[in-house]
Asker: 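Okay, handing you the structure first.
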Amino acid sequence: MQEQISISLKNLLEKLIGWLDLLIVNLPNIILAVLVFSLAYYISRKVSTWSTKILSSKIKQSSIRNLIANLVSIIIVVIGIFLALGILNLDKALNSLIAGAGVAGLAVGL
């Protein structure tokens, strides 16, 4: 019994050390991904404000202006998410997100 507990603890410790090593190796990618996403979010806010100002002279309805500005902002944030996931080498998660977006688009379309 004592032997099984020591073997289990040893396996747990090896697994935790492996995760720590993986975190240290991927730390530059994680920092870069966070920076890319933060930059995309900042750009989306600025572009949203800029597009609202430009559209105010062309479109009189504020709801349409806000809708277009929000769509542009969301597209930029989604591109930032895809770039951040690509930097982190999360190809499976990226593919799952794209597939989920396709299914959601199909559901909304129906």
Asker: For S73 and A69, indicate whether the former's side chain and the latter's backbone hold a donor-acceptor pair under 3.5 Å.
Answerer: no
Asker: Atom CD1 of I59 and atom CD1 of I64: how far apart are they, to the nearest 0.5 Å?
Answerer: 7.0 Å
Asker: Which distance, rounded to the nearest 0.5 Å, do you find between the CD of E3 and the OG of S8?
Answerer: 11.0 Å
Asker: Out of curiosity, L35 CG to L39 CG, how far, rounded to the nearest 0.5 Å?
Answerer: 8.5 Å
Asker: Looking at N26, V34, N29, which hits side-chain contact (heavy atoms from CB on, under 4.5 Å) with L88?
Answerer: N29
Asker: With rounding to the nearest 0.5 Å, note down the distance linking CG in L67 to CD in Q61.
Answerer: 11.0 Å
Asker: Do I87 and I98 sit in the same hydrophobic cluster, where Ile, Leu, Val, Met, Phe, Trp and Tyr count as joined when their side-chain heavy atoms come under 4.5 Å apart?
Answerer: no
Asker: Would you mind telling me which of I24, L16, L22 makes a side-chain contact (heavy atoms from CB on, under 4.5 Å) with L20?
Answerer: I24
Asker: OG/S63 to CG/N70 distance, rounded to the nearest 0.5 angstrom?
Answerer: 11.0 Å
Asker: Could you report the tightest heavy-atom contact between R65 and K60, atom names first, then the distance?
Answerer: NH1-O, 3.5 Å
Asker: Can you measure from CD1 (I54) to CD1 (I68) and round to the nearest 0.5 angstrom?
Answerer: 12.0 Å
Asker: With sequence neighbours left out, what residues match I79 under side-chain contact (heavy atoms from CB on, under 4.5 Å)?
Answerer: I75, L83
Asker: Partners of V77 by side-chain contact (heavy atoms from CB on, under 4.5 Å), sequence neighbours excluded?
Answerer: F37, Y41, S44, I81
Asker: Between T49 and R45, is there a donor-acceptor pair closer than 3.5 Å when you use the side chain of the first and the backbone of the second?
Answerer: yes
Asker: If you count heavy atoms of other groups shown closer than 6.0 angstrom to CD of E14, is the number above 12?
Answerer: yes
